[in-house]
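See below for the structure under consideration.
Side-chain atoms are counted along with the backbone in the values below, which use heavy atoms only and exclude waters and symmetry mates. Per chain, numbering begins at 1; letters A, B, ... match sequence-line order.
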Amino acid sequence: MTKKNEKDQLNILLMGNPNVGKSVIFSKLTGVNVEISNFTGTTVDYTVGNINFPGLKGQLIDVPGTYSLESTSEAEDVAVKLVNDGADVIICVLDATHLSRNLDLALQLKEFGVPIIYCLNLLDVAERQGISIDVEKLSKELGAPVIPTVAIKNQGLRDTLLTTKDIVGTKVEKSEVLKNEDRWSKIDEIVAKVQTKVEKEPSFIEKLEDWTVQPWPGIPIAFLVLVISLGVVVGGGKGLRAGLLLPIVNNIIKPFLIKVVSMFIGPGILRNVLVGDFGIFVIGIEWPFALILPYVFLFYIVFSFLEDSGYLPRLGVLADGLLRKLGIPGSNIITIMMGYGCAVPAIIGTRAATSYKERLMVASLISFAVPCASQTGAFISLLGDRSIPALIFIYLLSFVIMIVVGLLMNLLLKGESQPMLLEVPNLLMPDKKAFLTKLKLRMKHFLLDAEGPMLIGIVIAAIVAETGILDSLSVTISPIVVSWLGLPKEASLSLLLGIIRRELAVLPLLELNLTTLQLIVGSVVALFYLPCLSVFGVLMEEFSAKVAVTIGISTVFLAIFFAGLINHIGLLFV
Amino acid sequence: MVLRKGKKNQRYEIEESPNIHLLTVLGIRKGIEVIIQSKQMFGGPVVVRAGNRSIAIASNVAEEIKVREVV
Ligand SMILES: Nc1nc2c(ncn2[C@@H]2O[C@H](COP(=O)(O)OP(=O)(O)OP(=O)(O)O)[C@@H](O)[C@H]2O)c(=O)[nH]1
Ligand SMILES: [Mg+2]
């Protein structure tokens with residue numbers, strides 16, 4: 001163990017069971033934003049931040065949540081390694097609503113001989129559930145300070161820092177290593193001494209907690225939740241687009257840009273390229289801000305709310321039986337839903353999967369058939385006003401393909417997933433401030449990640465269209481585009497731009513005056529076509545170049561094959 | 001009898017439980033009392049309440065947990 005001298009930075013570990021509020025405390029103490037959500041395994045790797053408090057300067061490490069220190073999972077390995085690397089203080093966060101389970105780790109941590117301070121967190125929820133804990137007695141039993149906290153409301157965090165300051169450098173004995181059975185009976189004794197629970201009439205939230213894990217009324221509730229979510233994103237998005245964003249873009253921003261550009265550049269090709277009907281500035285503002293942003297924004301509002309409420313793991317429990325038939329444990333439904341926002345964080349989120357096969361399958365399903373929020377926005381712009389049945393058809397088709405791809409991969413790949421063993425979290429009303437921070441972070445991400453490539457795509461489109469490169473490209477791939485897919489040759493622009501971002505495979509079709517069948521065919525190509533460049537990058541990083549290329553090639557093949565098939569079948573009926 | 005065959009809302013004492021680490025740390029071990037909160041369709045997990053928490057247990061694991069009815 002390395003001991004740090006006075007001048008060195010203090011090394012403080014923030015530890016505890018999964019889902020007890022460690023990351024909330026970490027963000028509040030260090031000002032570093034980290035992922036926070038109401039289910040276990042949100043933090044898969046550790047994050048380091050700085051604490052700067054009078055008399056207490058050092059680094060704080062947000063350790064992944066673990067139930068014990070026995071090194072049986074990746075998160076536990078990380079935790080054990082961090083403790084063994086030497087810490088000056090451990091801040092151990094306890095969930096007041098599940099004290100007995102939390103004490104397991106709390107006692108194990110005392111075996112290291114490092115000064116410990118306990119935060120008894122989630123006291124507001126404990127109170128709601130009629131649980132009260134005698135903090136002083138608990139502190140005596142644990143032989144260490146216990147600070148009552150409600151992390152999301154900032155309660156007790158100052159005390160935590162003050163007390164941490166006091167115990168730095170104090171000598172603590174390593175407590176004797178207990179056998180599991182002995183530790184468990186000790187825990188039962190402690191809980192009996194410090195905790196009292198009054199049986200209350202179950203509150204509405206508690207009834208809801210029960211209903212949402214029952215097939216009845218849980219499954220109808222799940223449908224209701226999904227329908228409402230869809231309504232908010234699709235309906236709300238249309239409203240925002242038509243009522244607010246399009247007017248702003250069309251009546252204020254565009255005329256302004258046209259005026260400014262016209263002041264400097266006389267009429268001619270250059271002015272057209274910049275601010276003509278399909279000019280870079282015009283499209284570059286209208287597409288991302290008016291057509292895409294409303295859907296992305298509303299998706300993240302809905303998804304972040306569900307994430308923080310603790311509802312999603314319940315959906316996982318309800319869906320487990322069915323999803324397992326595809327070889328995917330139910331908890332992956334959270335990752336797949338995330339994919340409807342953006343595939344990049346979803347693919348990173350597959351780290352929580354319990355086997356390589358499971359991970360690869362979920363990532364592939366997301367790359368193949370889950371349209372992201374940007375693409376959904378584009379589909380709605382393209383099909384929403386022309387043919388609602390076509391829009392529904394596209395989404396149904398994506399489900400069918402997901403099932404087929406899932407079944408095939410399940411047959412072809414080897415590997416077993418872990419059986420579901422999951423603690424269902426409490427339902428919580430999301431905290432307003434934490435919610436807004438998360439939303440802001442996600443929107444910033446979208447704007448930074450999407451707007452750049454989008455503009456590049458639009459510039460390429462303008463250049464390619466103006467310089468005649470498009471014509472020669474169109475000739476080369478026209479057998480595919482014109483004969484097989486039945487689209488006008490200008491649609492090859494979609495195939496080109498779709499490589500950059502998913503919605504760019506859809507949006508160029510807006511300008512082409514297509515028949516309904518052509519719209520469907522174009523949408524099907526876009527749906528299954530290459531996930532965007534960033535997805536390709538993240539697949540390389542998280543898996544391997546081989547996986548990324550395989551997924552890339554198969555998606556292009558599937559997209560063109562399938563869309564052509566629909567074209568030829570469709571032609572029989574038209 | 002095994003947990004998977006248990007009835008909803010019935011209380012059971014666990015007599016024997018497979019040695020799965022996550023299961024023990026979640027508090028599902030010999031001598032503990034649980035109530036079956038729900039059972040899922042299509043061979044989905046059994047959800048039990050143990051003390052103050054709900055835990056979903058895959059049906060094949062629930063098949064290996066031996067329990068005794070408690071009245
Ligand atoms: N009501 C209430 N909610 C809290 C409190 N502290 C944290 N939460 C919520 O509890 C959930 C879990 O918080 P996280 O900080 O992500 O938990 P974690 O311990 O980092 O979890 P892992 O990273 O999975 O180990 C979030 O939804 C928080 O908003 C609290 O004191 N009161
Ligand atoms: Mg965390």
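When the side chain to side chain contact (heavy atoms under 4.5 Å, CB included) test is applied to A/Ile334, the partners found at least two apart in sequence or on another chain are A/Phe39, A/Leu312, A/Pro313. Scored by the side chain to side chain contact (heavy atoms under 4.5 Å, CB included) test, A/Ile333 finds A/Leu315, A/Ala319, A/Leu323 as partners (sequence neighbours excluded). Evaluation of the side-chain hydrogen bond (donor to acceptor under 3.5 Å, both in side chains) rule for B/Glu13 yields B/Arg68 as partners, not counting sequence neighbours.
Ranked by heavy-atom pairs under 4.5 Å with chain A, the first of B/Pro45, B/Gly27, B/Gly44 is B/Pro45. Considering only heavy-atom pairs separated by less than 4.5 Å from chain B, the leading option among A/Gly316, A/Pro329, A/Pro425, A/Gly321 is A/Gly321.
At a 4.5 Å heavy-atom cutoff, the contact between B/Ile20 and chain A is made by side-chain atoms alone. With a 4.5 angstrom heavy-atom cutoff, A/Ile219 touches chain B only via side-chain atoms.
A/Leu123 places none of its side-chain heavy atoms less than 4.5 Å from the side chain of A/Ile131. No side-chain heavy atom of B/Ile35 sits less than 4.5 Å from a side-chain heavy atom of B/Val48. Looking at heavy atoms from C-beta onward, B/Val67 lies in side-chain contact with B/Met1 at the 4.5 angstrom threshold.
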Pull every donor-acceptor pair under 3.5 angstrom between chain B and chain A and give the atom names with distances.
| unit_1 | atom_1 | unit_2 | atom_2 | d |
| --- | --- | --- | --- | --- |
| B/Lys8 | NZ | A/Gln214 | OE1 | 3.3 |
| B/His21 | ND1 | A/Glu70 | OE1 | 3.4 |
| B/His21 | NE2 | A/Ser68 | OG | 2.9 |
| B/His21 | NE2 | A/Thr72 | OG1 | 3.3 |
| B/His21 | NE2 | A/Glu76 | OE2 | 3.4 |
| B/Gln37 | O | A/Gln214 | NE2 | 2.7 |
| B/Gln37 | NE2 | A/Asp210 | OD1 | 2.6 |
| B/Ser38 | OG | A/Val213 | O | 2.7 |
| B/Gln40 | NE2 | A/Val213 | O | 2.7 |
| B/Phe42 | O | A/Lys325 | NZ | 3.3 |
| B/Asn52 | OD1 | A/Lys197 | NZ | 3.4 |
| B/Asn52 | ND2 | A/Thr97 | O | 2.6 |
| B/Asn52 | ND2 | A/Gln129 | OE1 | 3.0 |
| B/Ser54 | O | A/Val424 | N | 2.9 |
| B/Ala56 | N | A/Leu422 | O | 2.8 |
| B/Ala56 | O | A/Leu422 | N | 3.0 |
| B/Ala58 | N | A/Met420 | O | 2.7 |

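Across every non-hydrogen atom of B/Leu22 and A/Leu421, the tightest pair is CD2-O, 3.7 Å.
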Next item on the list: Apply side chain to side chain contact (heavy atoms under 4.5 Å, CB included) to the pair A/Leu226 and A/Leu224, showing each step before the final yes or no.
Entry: CA-CA 5 Å; A/Leu226 293 180; A/Leu224 196 68; over 6 Å; no

